[in-house]
Amino acid sequence: MPPFFVPPGKTDDARPLHRLPFLVMMGTLTRCHPLEPRLMIFRPSAEDVLLVVDVQNDFCSGGALAVPEGEAVVPVVNALAERFQTVILTQDWHPAGHVSFASRHERPAFSTIDLDYGTQVLWPDHCVQGTDGASFHPALHVPHAQAVVRKGYHPEIDSYSAFLEADHTTPTGLTGYLRERSVRRVFAVGLATDFCVLWTALDAAKAGFSVAVIEDACRAIDLDGSLDRAWSAMREAGVERIESPSISG
Ligand code: VGL
Ligand code: ZN
């Protein structure tokens, strides 16, 4: 590998190609914000995907499993999406009587039970296939979104993650889809930070993608400290925590 930098006293005129990798890096990777030098700026390219997690009516005000301020992510996500060529939406998509519904077990909502695949939080019935609650928020405006990944449709398995169901084995197909499209970086946004965004970001990192979660484009449920635990787990997994001004247009 030839050196990128020319020793003092020499000119690199004779070897202009040596500068190419550096210029390529400047063009497609990161640089610093001009006013805030420590803020990394990401310029989305064809290798980046904006993954919009579960921006659905049931997770917004008035919905069956309303996330506090859930709808506040909508304008932030809309603006971010304009900066990405590749946008994928996910949709929580449960059959009636789903195993994650408290009503199925005659137990209180937000209690937990042990299932074959581990501990399951029991939720109010939400995002039932084909209902208004399962529809995207009406103000979500991402006409160029290229795929919708539905998850949680197996009656006996939940799926917070857009990559792997809660049994940690059943794939949704998203890993293969992104790899075939040569995606290398995943920017995750949406609802809820401490459940579906969390598990999606962790599984994306495990699958070998570089992952960032854009915090101001997410809102959390925050059940018994779950939000703090979520950020710790993401930090340990190497997931970047960034804010939407870090994405350049
Ligand atoms: C979610 C709880 C149950 C989420 C989905 O989108 O974070 N949370 N189902
Ligand atoms: Zn769900």
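First listed ligand is number 1; within each ligand, the first listed atom is number 1.
Looking only at heavy atoms of the protein, atom 5 (C) of ligand 1 is closest to D92 OD2, 3.1 Å. Scanning the protein for heavy atoms near atom 2 (C) of ligand 1, the closest one is W123 CE2, 3.4 Å. Remark: minimum distance from atom 4 (C) of ligand 1 to any protein heavy atom is reached at C196 SG, 2.8 Å.
Of the angles at the Zn ion (ligand 2), the one spanning NE2 of H126 and OD2 of D92 is 90° when given to 10°.
In the hydrophobic clustering of this structure, V99 does not group with F110; members are Ile, Leu, Val, Met, Phe, Trp, Tyr whose side-chain heavy atoms approach within less than 4.5 Å, directly or through other members.
Under the side chain to side chain contact (heavy atoms under 4.5 Å, CB included) test applied with F163, the options V149, L174, T90, L202 reduce to a single match, L174.
Applying the 4.0 Å criterion to heavy atoms of L191 picks out, from ligand 1, the atoms 4 (C), 6 (O), 7 (O). For ligand 1, the atoms closer than 4.0 angstrom to any heavy atom of D54 are 4 (C), 6 (O). Shown in contact with F59 at under 4.0 Å from a heavy atom are these atoms of ligand 1, numbered in order with element: 1 (C), 4 (C), 5 (C), 6 (O), 9 (N).
We find the CD-OG1 distance between Q146 and T86 to be 4.5 Å, quoted to the nearest 0.5 Å.
More than 12 non-hydrogen atoms from other residues, nucleotides or ligands lie less than 6.0 angstrom from CG of D216. No more than 12 heavy atoms of other residues, nucleotides or ligands sit less than 6.0 Å from atom CZ of R184.
Ligand 1 has an N or O atom lying under 3.5 Å from an N or O atom of A192, backbone or side chain. In terms of polar-atom proximity, defined here as any N/O pair under 3.5 Å, Y160 makes no such contact with ligand 1.
A perpendicular orientation is assigned to the rings of H94 and F101, their planes being inclined by more than 60° (bins at 30° and 60°).
By the 4.0 Å heavy-atom criterion, Q56 is excluded from the residues contacting ligand 1.
Contacts with ligand 1 closer than 4.0 Å are made by no heavy atom of V67, backbone or side chain.
Looking only at atom types and distance, the side chain of Q56 has no donor-acceptor partner in the side chain of D92 under 3.5 Å away.
Its N, O or S atom nearest to the Zn ion (ligand 2) is what matters here, and for H94 that atom is NE2.
Between H126 and F59, the distance from one ring center to the other falls under 6.0 angstrom.
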